[in-house]
Amino acid sequence: MIRGLALGLALTTGCSFATIDRPIRKPGVVRCDTTSLPIIIDLGLGGASALYGAAIFATHPDGRDNEAVFALGLIAVPFVLSAVYGLRRTAECRDLQAAYPSGWIPAPAPQPQQQPAR
């Protein structure tokens, strides 16, 4: 059962990696993600994996299930990293939206032409 759970969790890691993109910082419409759902899913699955591993460790202190505890702890790492990635990208998006409340990033002003030296 533990191996099946570990395999299932390992195959679904990284909701934030898969669904949250880096904000686009070029002239035009602000396009980025501010949704928290992938982050919540990542934290929930990573936290559940870590807590389940801790519960197994607490109920079997003799060490007979150390492999399962290690596997569940190892599976939690990508979920947490993915959640951190998602938090950073959504924060960048919110900062970009705050900097351009109209939702439009203007084109840079043209640089003045220098007169040729005589």
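Residue indices begin at 1 and follow the sequence shown. The structure presented is a predicted model; accordingly, all values stated were derived computationally and were not measured.
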Euclidean distance, [Y] [atom2] relative to [X] [atom1], rounded to 0.5 Å:
X	Y	atom1	atom2	answer
Thr90	Gln97	OG1	CD	10.0 Å
Ile41	Ser16	CD1	OG	8.5 Å
Leu81	Phe17	CG	CZ	6.0 Å
Asp42	Thr19	CG	OG1	7.5 Å
Ile20	Leu37	CD1	CG	9.0 Å
Glu67	Leu74	CD	CG	13.0 Å

With a 4.5 Å limit on heavy-atom distance, are the side chains of Ile105 and Ile24 in contact?
->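 No, too far: nothing below the 4.5 Å cut-off.
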
Okay, side chain of Thr59, backbone of Ala55: is any donor-acceptor separation there less than 3.5 Å?
->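 At least one qualifying donor-acceptor pair exists.
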
Same hydrophobic cluster for Val69 and Tyr52, using side-chain heavy-atom links shorter than 4.5 Å among ILVMFWY?
->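 Val69 and Tyr52: one cluster.
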
Pair Val30-Trp104, side-chain contact (heavy atoms from CB on, under 4.5 Å): steps then yes or no = CA-CA 6 Å; Val30 174; Trp104 183 262; over 6 Å; no

Considering all heavy atoms of both residues, which atom of Ala76 and which atom of Gly46 are nearest to each other, and what is their separation?
->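 The answer is CB-O, 3.4 Å.
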
What's the shortest heavy-atom distance between Pro23 and Cys93, and which atoms?
->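 Closest heavy-atom pair between Pro23 and Cys93: CG-N, 3.7 Å.
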
Just wondering, more than 12 heavy atoms not from [X] lying within 6.0 Å of its [atom1]?
X	atom1	value
Tyr85	OH	yes
Arg25	CZ	yes
Arg88	CZ	no

